[in-house]
Amino acid sequence: MASKSFSSSSSSGCSPASDRRISVLARHLVAENALSSSPIYASPTSSANSVFAHIARGPEDPILGVTVAYNKDPSPVKLNLGVGAYRTEEGKPLVLNVVRKAEHMLVNDRSRVKEYLPIVGLADFNKLSAKLIFGADSPVIRENRITTVQCLSGTGSLRVGGEFLAKHYHQRTIYIPLPTWGNHPKVFTLAGLSVKTYRYYDPATRGLNFQGLMEDLGSAPSGAIILLHACAHNPTGVDPTPQQWEQIRRLMRSKALMPFFDSAYQGFASGSLDEDAQPVRMFAADGGELLVAQSYAKNMGLYGERVGALSIVCKDADVAGRVESQLKLVIRPMYSNPPIHGASIVAAILKDGNLYNEWTIELKAMADRIISMRKQLFDALRARGTPGDWSHIIKQIGMFTFTGLNSEQVAFMTREYHIYMTSDGRISMAGLSSKSVPHLADAIHAAVTRMK
Ligand code: PLA
């Protein structure tokens, strides 16, 4: 009976309830059709009518895009040596033990709130960051002629510094080393500076082109801004010696060139935070002015927390105060004020003697593991009799080896061996482990013997 009334009430073979839903839907469709025939309402599915239809697809980032390609590769042997991110011997990302401890303390402290930070960030974090890079007994701190503002990691600190200079400094040209971190020219151009390069690396010697560097800085216009990698130059792994730094300092001060240090790897070069800060301290000690952008991404493993600081050293406290007031006017319309969590972790570690010591031990362990990867890769290539002099692998400093492999060889290694790296031949040694060294050495050997 029931089934009979069901079929008699519905010509479509559906229940009365679903018939009603269909007729409501049909009314919507009629209404929408009526609307879409009007020229004012474009169909939302037609890309031809999008106001963004003319937009071309942008290229992937040359560094972060390597990770995008790596993530798409299903191969079990794939290896990501693109981005400079530390991995353990097991190939896993590492959260430092001391960071876990600090986070635990923060979570258990019920007095902590999530209110906005001031525009310049966490006061403790700023003071401690200045102490970390300039040294506890630094005259610039003692004389209070420095302003330090918390920014969004190293990149954000460079950008805020760049915008400040573009607005308030008399020289708007910044010289960056050739080569340099691929984001530098973009950051400074968008900040409003005009970007030029100075010679830095000599591919023939795989070392510093010191003469070229001195000539180029010597012919830069007086007052020009000079970007210097504080240590562990990215991508080359080649740093000036202390004597060369001293010559660079003298030349720059004699021409009133403005140093802008990028310190993204403090502690990663030598394993010592103080030693890696020497170039910055050398410039700070002479009483001149300078900028420094600090990042805690690598040395505290806080990559995604985006923790960094910009310091501007001035001639006296009064100028420093006015500079800070202008930095606030750069930051407020950009992102208002910085995030609280990462800076609180850093401050907790830097202000507690025990946590600080623990951090230095973990940092040294990371630096040492990278150095041992250099040795293992060098030995593996020697064992294979790979043509060429590979001693630069053990000579270069910091997170990266600038292998000298060309873009075709890199493409070959990615295609045949699923090894991902930037097309300039840079490999992140921190992404390597004892297990993956033989695979990488096989790939390099094949690339240089087959793709000359
Ligand atoms: N400066 C230099 C010289 C760098 O190498 C990096 C990061 C930064 C600044 C910015 O770091 P941050 O904003 O994360 O603090 N370079 C990485 C990552 C590690 C990247 O390209 O973003 C690299 O693989 O080169």
Side-chain angles (χ1 to χ4, degrees), residues 59-70 80-87 93-94 121 125 129 132-133 149-162 174 176-188 190-191 195 197 200-201 226-239 260-269 276 279-280 291-311 334-335 338-339 342-343 345-346 366 370 396-403 420-432:
E60 283 287 359
D61 181 81
I63 297 174
L64 301 184
V66 173
T67 303
V68 174
Y70 167 84
N80 187 2
L81 305 178
V83 69
Y86 185 83
R87 298 279 179 272
L94 178 70
F125 167 86
S129 293
L132 184 69
I133 189 76
V149 296
Q150 181 193 334
C151 294
L152 306 186
S153 213
T155 309
S157 308
L158 293 166
R159 179 69 185 259
V160 168
I174 185 162
I176 59 175
L178 191 66
T180 191
W181 179 48
N183 213 19
H184 277 149
K186 301 172 201 172
V187 166
F188 293 123
L190 287 171
V195 176
T197 59
Y200 188 85
Y201 180 73
I226 311 293
L227 183 98
L228 302 160
H229 293 226
C231 70
H233 182 274
N234 175 12
T236 66
V238 172
D239 286 347
F260 192 163
F261 280 99
D262 182 355
S263 178
Y265 299 95
Q266 189 183 355
F268 252 89
D276 288 356
V280 175
L291 292 85
V292 56
Q294 280 170 275
S295 166
Y296 290 95
K298 272 70 74 176
N299 59 12
M300 238 181 240
L302 292 175
Y303 306 90
E305 295 289 358
R306 311 308 293 145
V307 207
L310 170 74
S311 286
M334 203 191 276
Y335 54 86
I345 297 171
V346 173
M366 288 194 285
I370 295 172
Q396 290 173 354
I397 296 163
M399 221 173 198
F400 304 106
T401 290
F402 205 44
T403 57
Y420 290 80
M421 52 195 277
T422 53
S423 61
D424 59 1
R426 184 191 87 167
I427 56 180
S428 170
M429 298 307 285
L432 210 53

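Model, not experiment: these values are computed from the prediction. Read the numbers this way: they start at 1 and go in the same order the structure lists the ligands and their atoms.
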**Q** Does the residue His233 have a heavy-atom contact with ligand 1, meaning some pair of atoms that are separated by less than 4.0 Å?
**A**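 Distance cut 4.0 Å: His233 fails for ligand 1.
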**Q** At under 4.0 Å between heavy atoms, which part of Met399 makes contact with ligand 1: side chain, backbone, both or neither?
**A**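 Met399 to ligand 1: no contact under 4.0 Å from either part.
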**Q** So, for Leu310 and Cys151, which heavy atoms are closest and what is the spacing to 0.1 Å?
**A**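 Nearest heavy atoms, Leu310 then Cys151: CB-SG, 4.1 Å.
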**Q** Taking 4.0 Å as the limit for heavy-atom contacts, which would you say applies to Arg159 with ligand 1: side chain only, backbone only, both, or neither?
**A**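 Within the 4.0 Å criterion, Arg159 makes no contact with ligand 1.
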**Q** So, Tyr303 versus Tyr296, ring centres under 6.0 angstrom or not?
**A**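 No.
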**Q** Checking a contact table here: which protein heavy atom is nearest atom 1 (N) of ligand 1, and how many Å away?
**A**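 Minimum-distance protein heavy atom for atom 1 (N) of ligand 1 reads Asp262 OD2, 2.6 Å.
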**Q** Counting from 1, what ligand 1 atoms have a heavy atom of Arg426 closer than 4.0 Å?
**A**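 The atoms of ligand 1 under 4.0 Å from a heavy atom of Arg426 are 23 (C), 24 (O), 25 (O).
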**Q** Show the nearest heavy-atom pair for residues Val195 and Pro185, with the distance to one decimal.
**A**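 Looking at all heavy atoms of both residues, the closest pair is CG2-O, 3.9 Å.
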**Q** Which atoms form the tightest heavy-atom contact between Met399 and Tyr86, and what is the distance?
**A**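 Met399 and Tyr86 have their closest heavy atoms at CE-N, 3.7 Å.
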**Q** Could you tell me, atom by atom, which parts of ligand 1 come under 4.0 Å of a heavy atom of Ala297?
**A**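 Here the atoms of ligand 1 in question are 14 (O), 15 (O).
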**Q** Going by heavy atoms, is Tyr303 under 4.0 Å from ligand 1?
**A**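 So Tyr303 does not count as touching ligand 1.
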**Q** Considering the heavy atoms of Val83, write down every atom of ligand 1 situated less than 4.0 Å from one of them.
**A**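 Counting from 1, the qualifying ligand atoms are 18 (C), 24 (O).
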**Q** Could you tell me the residue and atom name of the protein heavy atom closest to atom 7 (C) of ligand 1, and the distance to it rounded to 0.1 Å?
**A**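 For atom 7 (C) of ligand 1, the nearest protein heavy atom is Lys298 NZ, 3.1 Å.
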**Q** Among protein heavy atoms, which lies nearest atom 20 (C) of ligand 1, and at what distance?
**A**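 Its nearest protein heavy-atom neighbour is Trp181 NE1, 3.6 Å.
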**Q** List ligand 1 atoms under 4.0 Å from Ser295, heavy atoms only on the residue side.
**A**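 This gives 12 (P), 15 (O) as the contact atoms.
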**Q** Among Gln294, Met300, Gln150, which residue satisfies the side-chain contact (heavy atoms from CB on, under 4.5 Å) criterion with Val346?
**A**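 In the set Gln294, Met300, Gln150, the residue that makes a side-chain contact (heavy atoms from CB on, under 4.5 Å) with Val346 is Met300.
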**Q** If we only count heavy atoms from C-beta on, is the Leu158 to Trp181 side-chain gap below 4.5 Å?
**A**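 Yes. Closest side-chain heavy atoms under 4.5 Å.
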**Q** Would Lys298 pass as a cation-pi partner of Phe268, given that its NZ or CZ must be under 6.0 Å from the six-membered ring centre and within 45 degrees of the axis?
**A**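 The answer is no; the distance or angle limit is not met.
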**Q** Quick one: do the Arg87 and Asn80 side chains pair a donor with an acceptor below 3.5 Å?
**A**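 Not at all, the side chains of Arg87 and Asn80 share no donor-acceptor pair under 3.5 Å.
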**Q** Could you list which atoms of ligand 1 come closer than 4.0 Å to a heavy atom of Gly154?
**A**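 Those atoms are 12 (P), 13 (O), 15 (O).
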**Q** Provide the number and element of each atom of ligand 1 under 4.0 Å from a heavy atom of Arg306.
**A**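 Counting atoms of ligand 1 from 1, those under 4.0 Å from Arg306 are 12 (P), 13 (O), 14 (O).
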